[in-house]
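Working notes for the structure below.
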2 protein chains.
Amino acid sequence: MLKYQQIANEIQQDIEKNDLPQGTKLPVLETLMSQYKTSKSTVIKALSLLERKGLVYQVRGSGIFVRRHNRKGYISFSNQGFSDELSGFDITAKVLELDIQKPSAEVAFNLKIDPEDDVYYVKRIRYINGQTLCLEESYYNKAIVTYLNNEIATGSIFDYISNGLGAKIGFSDMYVHIQKLDENEAQHLGLQTGDPKLFVETIFYLNNGLPFDFSRISYNYEQSQFFFQSTGYSL
Amino acid sequence: MLKYQQIANEIQQDIEKNDLPQGTKLPVLETLMSQYKTSKSTVIKALSLLERKGLVYQVRGSGIFVRRHNRKGYISFSNQGFSDELSGFDITAKVLELDIQKPSAEVAFNLKIDPEDDVYYVKRIRYINGQTLCLEESYYNKAIVTYLNNEIATGSIFDYISNGLGAKIGFSDMYVHIQKLDENEAQHLGLQTGDPKLFVETIFYLNNGLPFDFSRISYNYEQSQFFFQSTGYSL
DNA sequence: CATTATAATTATACCGGTATAATTTATCAA
DNA sequence: TTGATAAATTATACCGGTATAATTATAATG
């Protein structure tokens, strides 16, 4: 792991472990430099990372301060997307369908593949603390996600892609809507037809820019509480 | 304006003006350095800024590439929050209420002020391209936002705070929910009771960490289409 | 005591350098 | 042509330095 990431992690653990309240001032740069035996630039980079994560804010001439924590029960929605921000929650999944298909024109377009190429189609319900969280339909470019099975899809597919396949997930584009549930969706989520849903279309890319996953997710509005932090562009 | 911000702006304009498609490779660092007559570090900083904004992605050993553009009709939802990402849309507002109040316990808590301190309370409907976009209730710390009137509140209050008052807006915490409209809200937004809404509570902070605005916004689900880009934490 | 001017503190901008890791291109052998 | 190997390209990590701007603390002044 990179030095500045390591330092960012340690500072983060320090904040969380000691439960430092909002406004707490961290040691000055000079102190951090000697504490972590590194250069100024590296400390600054670590702190920028933490600022991007919403953990701290920096005030020129004054210091570096701890930012507000998440409310309880809210899903942290960072620049990473939801996916790995679910730690602390009990997440499970039930696979409704899993097979290899030829993509529709829309799917092929979003995955930037040929309609003749294969994709893995996965439909599943995800649960958070025993409640239905969302209904998800995902299309994976089979040239990248070479293999999937029921067991993998019952857990975290992204974990498998990262750790199992060794692919590096980069960034994503999300299109967010508020809509009403149709009858079929309502049944799957245990809600009423016409109830609200958060509907999100996402294209996930590897860190080299290749799209590998196009997904449509309908969230159960009763479980849809998200915490989101903005940071300004001054870093 | 800072050099790296200036460079970032020029590159952004270059991308948008020439409508460079996704995947277009930008000039290599060395070229950008001489083109903008600056150091490597400054170019890298400019590019990191653009990466955070979701305009480009960088691939080590390969190059810097243009990222996907927004779909038409979607509101860009960046780390800045909605507020100033509405360029290209016709935004207006109707003020329903504007007065000076003593804050409730919740408002005082979120603005970190005393219940005896004054706040400006503003309730308004905002319109996008003539349609109701949202119903907004905002509480401004009067010690920071010293003056407000009907005319200001009909336009962009944040513009006024930035440019008129010279305050520097820093970051924000947002709590996002999906709910159903009550009768009163539905009437204001021209929708039906029970229709979906996106409900967002936000605390806005100055760049020195002081909260100056606590707001509750209910969005019209028909206008609620947002484009959101994540970036990964590798910068 | 309040106000103003000055100094110290502190984070940030900007520079330019070396080393490194990922990718792409060129080279060579089978 | 294919596949392996080597070289070139390219972005990034990390270093340590000077200059600068914002804030905070201190001193001086009335």
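- Computed from coordinates, the A/Y36 OH to D/dC15 P distance equals 15 Å when rounded to whole Å.
- Remark: C1' of D/dT23 and CG of B/L206 are 15 Å apart, rounded to the nearest angstrom.
- Side chains of A/N208 and B/R60: a donor-acceptor N/O pair is absent below 3.5 angstrom, by distance only.
- A/L47 has its CG atom 15 Å from the P atom of C/dT10, to the nearest Å.
- B/T42 has no side-chain polar atom (N or O) that falls below the 4.0 Å cut-off from OP1 or OP2 of C/dA13.
- Counting to the nearest Å, the P atom of D/dT12 and the CG atom of B/L32 are 12 Å from each other.
- When each of A/S39 and B/I64 is assigned the nucleotide of DNA chain D bearing its nearest heavy atom, the one mapping closer to the 5' terminus is B/I64.
- Using a 4.5 Å heavy-atom threshold, the side chains of B/E51 and B/Q58 count as touching.
- Atom-to-atom, NZ of A/K45 to P of C/dA13 comes out at 14 Å; the value is rounded to the nearest Å.
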Any N/O pairs under 3.5 Å between the protein and nucleotides 20-25 of chain C? List them or say none.
{"from": "C/dT20", "atom 1": "O2", "to": "B/R60", "atom 2": "NH2", "distance (Å)": "3.2"}
{"from": "C/dA21", "atom 1": "O4'", "to": "B/R60", "atom 2": "NH2", "distance (Å)": "2.8"}

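- Between the side chains of B/K112 and A/Q22, at least one donor N or O sits under 3.5 Å from an acceptor N or O.
- Taking atom CE of residue A/M33 and atom P of nucleotide C/dT12, one finds them 14 Å apart after rounding to whole Å.
- Not one side-chain nitrogen or oxygen of B/K40 sits closer than 4.0 Å to the OP1 or OP2 atom of C/dC15.
- Between the side chains of B/D14 and B/Q12, no donor N or O sits under 3.5 Å from an acceptor N or O.
- In this structure, A/K37 atom NZ and D/dC14 atom P are separated by 17 Å, rounded to whole Å.
- Using modelled atom types, one finds a donor on one side chain and an acceptor on the other under 3.5 Å when comparing B/E137 with B/Y121.
- Within the 4.0 Å cut-off from OP1 or OP2 of D/dC14, not a single side-chain nitrogen or oxygen of A/Y4 is found.
- A/L29 comes within 4.0 angstrom of a nucleotide base, judged by non-hydrogen atoms across all strands.
- At the heavy-atom level, A/I44 lies under 4.0 Å from base atoms of the strands shown.
- Relative orientation of the B/Y205 and B/F171 rings is parallel, given thresholds of 30° and 60° on the angle between their planes.
- For D/dG16, the base has a donor-acceptor partner in the side chain of A/S41 [N/O atoms by modelled type, under 3.5 angstrom].
- Residue B/K3 has a polar side-chain atom (N or O) positioned under 4.0 Å from OP1 or OP2 of C/dC15.
- In this model, a donor atom of one side chain and an acceptor atom of the other lie less than 3.5 Å apart for A/S230 and B/S172.
- With distances taken from any side-chain atom of A/Q58 to the nucleotides C/dA11, D/dC14, C/dC15, the minimum falls on C/dA11.
- Whole-Å rounding puts the B/Q6 CD to C/dC14 P distance at 11 Å.
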